[in-house]
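Below is one structure, written out as structure tokens, with a few remarks after it.
Scope of the values below: all heavy atoms of this structure, side chains included, with no hydrogens, waters or symmetry mates. Atoms within each ligand, like the ligands themselves, are counted from 1 in listed order. Keep in mind that what you see is a predicted model, and the values were worked out from it rather than measured.
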Amino acid sequence: MKLFSSVNDVTDIQQLLSDAISLKKKPFVDEQLGKHKTLGLIFLNPSLRTRLSTQKAGMNLGMQVIVMNLDKEGWALETQDGVIMNGTTVEHIREAAGVMGQYCDIIGFRSFPGLVDREDDYAETIFNKFVKFSGVPVVSLESATRHPLQSLADLITIEELKKTAKPKVVLTWAPHVKPLPQAVANSFAEWMNKADYDFVITHPEGYDLAPQFVGDATVTNNQDEALSGADFVYVKNWSSYNDYGKILTDGEGWMMTNEKLKLTNNAGVMHCLPVRRGLELSHEILDGPNSLVLNQANNRVWAAQAVLKEMLESISLT
Ligand code: AN0
Ligand code: CP
């Protein structure tokens, strides 16, 4: 694997999943694989989990890891092509990515969407430029439209804890005060569509995800109906895709609570974090026995380690 930007870059999901689960049991079996190899983790946006879990995954594989918050510590980055750089930007992504490729064998890159120009965000312009100009294998640490390491960790979590072969998995929209990307929801949907689950998406009117991500999911604006008999409930806010980047409602009544949990099959409640308590998810759920948020966070390490392992193996073949 030379690129991990979506589920479509994975040739064998079952293999990746079983690698992740066995690495969780024996984290250091491949510690020679990454010897003398450098992993760069480059962030254009904040991060806690992605930064630490991917760093830990690289270290478990014996890699040297360098991390840079490019937005705060680097030169102001220009991402548009063909512009005369006589304004505030100092360095073009063409050179910046190319330089980082000189120092790293694999690079992880995070770049959120602008949430203004839908076409540009959904074309993954910045992420694709970074891949092209770095010239080395790249792992998405969340791009404009997807967060595949999160989704793989979420899939691991469901596979570990499911009690039936085909659980009911519900992705529910939650309220938020800031316009957030659709990336986590898009990506979760994309991965769930590859799994053989009963997958349902629920959101208020106007929050439909892009059709290519919805795929075969059942979609309803009736949250109670969606939650009925659910085995897993994935809570996440996203801004509107159709009225691009906008917040259309305060979402009153959409927060997941213990009252709503009663509609489910004692569901495990998931969220990628960071979560706004009392707004997206109730305190009682986060502090209660149904919360799986730390299981998910833990699995971020094994998801990243399984992906980096595949990349190191393909580097050593060339
Ligand atoms: C980001 C998002 O929704 O994409 C990152 C989540 C992992 N969340 C926030 O900006 C709060
Ligand atoms: N879930 C997740 O990606 O968290 P961070 O933004 O803190 O990395």
Side-chain angles (χ1 to χ4, degrees), residues 4-6 39-58 65 67-72 107-116 118 121-122 124 126-127 139-158 171-191 201 203 207 209-210 213 234-241 244-247 251 254-256 269-281 286 291-305 307-308:
F4 183 72
S5 65
S6 89
L39 172 65
L41 300 177
I42 308 300
F43 291 89
L44 296 186
N45 313 93
S47 169
L48 187 160
R49 281 141 291 271
T50 305
R51 175 181 175 144
L52 298 183
S53 62
T54 314
Q55 186 163 2
K56 184 170 161 103
V65 190
V67 183
M68 187 167 181
N69 299 313
L70 198 65
D71 57 328
K72 297 187 191 76
I107 302 182
F109 182 66
R110 168 170 282 197
S111 171
F112 286 175
L115 292 179
V116 177
R118 184 171 92 175
D121 286 346
Y122 274 68
E124 291 287 5
I126 295 180
F127 185 82
V139 179
S140 167
L141 304 177
E142 189 173 341
S143 67
T145 66
R146 293 174 175 91
H147 194 358
L149 283 178
Q150 180 67 51
S151 311
L152 175 55
D154 298 335
L155 180 64
I156 298 167
T157 307
I158 295 172
L171 168 63
T172 179
W173 182 91
H176 207 284
V177 286
K178 274 179 59 185
L180 296 192
Q182 295 98 35
V184 170
N186 284 344
S187 199
F188 184 71
E190 195 168 53
W191 285 72
I201 304 175
H203 54 70
Y207 282 95
L209 295 170
F213 292 104
Y234 199 96
V235 178
K236 183 72 183 83
N237 169 268
W238 61 89
S239 61
S240 177
Y241 171 74
Y244 193 60
K246 297 285 186 309
I247 294 180
W254 276 81
M255 180 174 75
M256 191 67 200
V269 180
M270 303 173 73
H271 190 290
C272 62
L273 305 180
V275 67
R276 295 213 180 200
R277 284 176 166 252
L279 179 67
E280 292 178 81
L281 252 175
L286 283 164
S291 173
L292 301 180
V293 298
L294 294 185
N295 304 60
Q296 292 170 265
N298 180 290
N299 283 331
R300 289 293 306 270
V301 178
W302 321 114
Q305 199 170 328
V307 168
L308 291 171

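- Under a 3.5 Å cut-off, the side chain of Arg146 and the backbone N or O of Asn186 do not form any donor-acceptor pair.
- No donor-acceptor pair under 3.5 Å is formed between the side chain of Gln182 and the backbone N or O of Leu209.
- Between Trp238 and Trp173, the ring planes lie perpendicular to each other; the angle is over 60°, past the 30° to 60° tilted range.
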Does ligand 1 have any N/O pairs with the protein under 3.5 Å, and how far apart?
{"from": "ligand 1", "atom 1": "3 (O)", "to": "Lys236", "atom 2": "NZ", "distance (Å)": "2.8"}
{"from": "ligand 1", "atom 1": "4 (O)", "to": "Glu142", "atom 2": "OE2", "distance (Å)": "2.6"}

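- When atom types are taken as modelled, the side chain of Ser111 and the backbone of Ser143 share no donor-acceptor pair closer than 3.5 angstrom.
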* Asked: Would Leu281 and Val269 satisfy side chain to side chain contact (heavy atoms under 4.5 Å, CB included), going step by step from the backbone distance to the final call?
  -> CA-CA 9 Å; Leu281 252 175; Val269 180; 3.8 Å; yes
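- Ordered by chain and residue number, the residues placing a heavy atom less than 4.0 Å from ligand 2 are Ser47, Leu48, Arg49, Thr50, Arg110, His147, Gln150, Cys272, Leu273, Arg300.
- Of the residues listed (Lys236, Gln296, Glu280), the one engaging His271 in a side-chain hydrogen bond (donor to acceptor under 3.5 Å, both in side chains) is Glu280, and it is the only one.
- Put simply, the side chain of Asp121 gets close to the backbone of Leu115: a donor and an acceptor are under 3.5 Å apart.
- Partners of Ser47 according to the side-chain contact (heavy atoms from CB on, under 4.5 Å) rule, which considers only residues two or more places apart in sequence or in another chain, are Phe43, Thr50, Arg51, Arg110.
- Checked against ring-ring contact (aromatic ring centres under 6.0 Å, His included), Phe112 has no partners two or more places apart in sequence or in another chain.
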